[in-house]
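First the structure, in the form of structure tokens, and then the observations on it.
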Amino acid sequence: MVRGVIFDMDGLMLDSERLTSGFWKQAGEKIGADIPMEFLDSFRGRNPAAIQEAFLKEFGPEFEFERCRQIKTQLQYEYVREYGIPLKEGLMRLLDYLKKHEIRMAVATSTDRGLADAMLRKAGVREYFDAFVYGDMVERSKPYPDIFLMAAAEIGVMIQECLVLEDSIAGVEAGKAAGGYIIHIPDIIVVPQEVKEGITAEFGSLNEVIEWIEMEGASCLKRK
């Protein structure tokens with residue numbers, strides 16, 4: 001029985017991954033660095049510390065990562081304040097359903113607290129959630145399960161009774177390692193088949209999650 005749902009944010013709830021890539025590239029241009037899209041794709045779903053490690057490995061220890069990150073973050077803040085962030089298909093329907101049925105909800109995003117909180121507020125969805133775990137709150141980034149285990153603890157639900165919703169490779173791996181249900185909702189990154197082995201399900205959009213929850217609840221009742 002699903003008693004809690006843990007949401008990733010970027011690419012899962014918010015259609016933000018394409019925008020974020022553009023901000024990284026603009027920031028790179030401002031400091032004279034060409035940041036390839038393939039490189040940006042390689043660290044999707046990972047927290048700030050892991051992203052810094054990836055940049056320094058790719059561009060060398062002299063790379064001005066902190067300056068680049070600050071420029072990227074400022075560009076993103078300005079965009080969010082002016083335009084907001086598009087919501088992914090089916091998000092509001094799912095949030096309303098979970099709230100109505102008193103299923104606990106948490107956000108577990110690798111984005112740092114300040115930016116993630118601003119994005120959730122601007123999107124008008126923050127008030128739906130019971131707990132928030134941000135990328136700068138855990139030492140080990142996805143694909144380690146720490147962020148999902150912390151989110152489950154924050155909402156007071158055993159991870160085995162939680163559904164994790166993810167779009168990235170690192171996120172799917174972390175969800176599997178956590179030990180709960182894990183549903184993959186594709187975004188811009190193709191998750192390899194071997195990574196998806198052992199997941200609970202894969203759906204085209206969040207619209208299909210409600211039906212799965214209801215079927216899972218019915219099957220639990222039958223087993224009793």
Side-chain angles (χ1 to χ4, degrees), residues 1-20 44-45 76 79-81 83-135 137 142 147-168 171-172 174-175 178 180-189 199-220:
M1 178 77 77
V2 173
R3 297 181 52 240
V5 178
I6 304 173
F7 290 75
D8 176 46
M9 185 182 73
D10 292 294
L12 188 284
M13 290 198 293
L14 308 181
D15 194 5
S16 51
E17 291 285 28
R18 296 166 184 81
L19 295 172
T20 301
R44 293 193 192 280
Q76 195 159 354
Y79 184 95
V80 169
R81 280 196 295 266
Y83 302 107
I85 299 289
L87 303 182
K88 296 290 281 189
E89 179 185 351
L91 175 63
M92 295 310 301
R93 178 169 173 259
L94 176 57
L95 293 178
D96 286 334
Y97 172 89
L98 296 174
K99 183 66 72 174
K100 177 182 177 181
H101 289 82
E102 299 182 344
I103 296 174
R104 305 278 288 175
M105 289 179 270
V107 174
T109 175
S110 294
T111 301
D112 64 76
R113 184 194 315 252
L115 180 57
D117 191 68
M119 293 171 71
L120 292 168
R121 289 182 186 278
K122 186 67 174 180
V125 299
R126 192 182 188 282
E127 65 273 13
Y128 280 89
F129 293 94
D130 304 291
F132 306 86
V133 183
Y134 303 110
M137 293 172 63
K142 302 172 188 178
I147 195 166
F148 294 133
L149 297 176
M150 183 182 290
E154 288 291 319
I155 59 175
V157 179
M158 294 189 302
I159 190 63
Q160 293 82 1
E161 296 180 310
C162 287
L163 167 62
V164 172
L165 299 173
E166 263 288 357
D167 66 289
S168 71
V172 169
Y181 302 101
I182 171 72
I183 291 179
H184 173 234
I185 310 291
D187 188 44
I188 64 176
I189 292 296
I199 68 172
T200 306
E202 179 179 59
F203 297 138
S205 78
L206 294 170
N207 273 322
E208 300 173 68
V209 175
I210 293 175
E211 182 179 0
W212 179 87
I213 291 174
E214 292 181 339
M215 288 179 63
E216 176 60 25
S219 67
C220 286

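Just so we're clear, the structure is a prediction, and the values are computed from it rather than from any experiment.
Distance check, rounded to the nearest 0.5 Å: CG of Leu94 to CD1 of Ile213 gives 6.0 Å. The CD atom of Glu102 sits 11.5 Å away from atom NZ of Lys100, with the distance rounded to the nearest 0.5 Å. Note: Phe7 CZ to Ile185 CD1 = 10.0 Å, rounded to the nearest 0.5 Å. Distance check: Ser168 OG to Asp187 CG gives 9.5 Å after rounding to the nearest 0.5 Å. Put simply, CD1 on Ile103 and CG on Leu95 are 11.5 Å apart, with the number rounded to the nearest 0.5 Å. Between the CG atom of Leu91 and the OH atom of Tyr128 there is a distance of 8.5 Å, given to the nearest 0.5 Å.
Contact record, Tyr134 with Asp112: CB-C, 4.2 Å, taken as the closest heavy-atom pair. The minimum heavy-atom distance linking Lys88 with Leu12 is given by the pair CG-O, 3.2 Å. Closest heavy-atom contact between Lys99 and Glu127: NZ-O, 4.0 Å. Of all heavy-atom pairs between Met137 and Met150, the closest is O-CE, 3.8 Å. In terms of heavy atoms, Leu163 sits closest to Ile182 at CD1-N, 4.3 Å. For the residue pair Ala178 and Leu149, the shortest heavy atom distance occurs at O-CD2, 3.8 Å.
Side chains of Leu165 and Ile6 form no contact here, defined as non-hydrogen atoms less than 4.5 Å apart. Using a 4.5 Å heavy-atom cutoff, the side chains of Val209 and Tyr97 are not in contact. In this structure, Asn207 and Glu89 have side chains that are in contact, with non-hydrogen atoms separated by less than 4.5 Å. Contact check for Trp212 versus Thr200: side-chain heavy atoms found under the 4.5 Å cut-off. Met92 has its side chain within reach of Val125: a pair of non-hydrogen atoms, C-beta onward, lies under 4.5 Å apart. Within the 4.5 Å cutoff, the side chain of Glu216 has no heavy atoms near those of the Met1 side chain. Arg3 has its side chain out of reach of Met158: every pair of non-hydrogen atoms, C-beta onward, lies at least 4.5 Å apart. Between Met13 and Leu87 the shortest side-chain heavy-atom distance does not fall below 4.5 Å.
With hydrogens and angles disregarded, a donor-acceptor distance shorter than 3.5 Å links the side chain of Asp130 to the backbone of Met105. Between the Lys122 side chain and the Arg81 main chain, a donor and an acceptor come within less than 3.5 Å of each other. Remark: the backbone N or O of Gly204 is paired with a side-chain donor or acceptor of Glu208 at under 3.5 angstrom.
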Run the numbers on His184 and Glu166 for side-chain contact (heavy atoms from CB on, under 4.5 Å), then give the verdict. CA-CA 5 Å; His184 173 234; Glu166 263 288 357; 5.7 Å; no
Just do the side-chain contact (heavy atoms from CB on, under 4.5 Å) check on Phe132 and Asp117 with the steps written out, would you? CA-CA 9 Å; Phe132 306 86; Asp117 191 68; 5.7 Å; no
After noting the C-alpha distance and the side-chain angles of Ile183 and Glu202, does the key distance pass the side-chain contact (heavy atoms from CB on, under 4.5 Å) rule? CA-CA 5 Å; Ile183 291 179; Glu202 179 179 59; over 6 Å; no
Any chance you could lay out the salt bridge (charged side-chain N to carboxylate O under 4.0 Å, His left out) test for Asp8 and Lys142, step after step, and finish with the verdict? CA-CA 11 Å; Asp8 176 46; Lys142 302 172 188 178; 3.1 Å; yes
Evaluate Phe129 against Ile155 for side-chain contact (heavy atoms from CB on, under 4.5 Å), listing each step before the verdict. CA-CA 9 Å; Phe129 293 94; Ile155 59 175; over 6 Å; no
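Inspection of the Tyr181 and Gln160 side chains reveals no N or O donor paired with an N or O acceptor under 3.5 Å. Side-chain contact annotation: Asp10 with Thr20, donor-acceptor N/O pair under 3.5 Å absent.
Contact check on Arg18 versus Asp15 returns a salt bridge, with a Lys/Arg side-chain nitrogen under 4.0 Å from an Asp/Glu carboxylate oxygen.
Surrounding CD of Glu211 are at most 12 heavy atoms belonging to other residues, nucleotides or ligands under 6.0 Å away.
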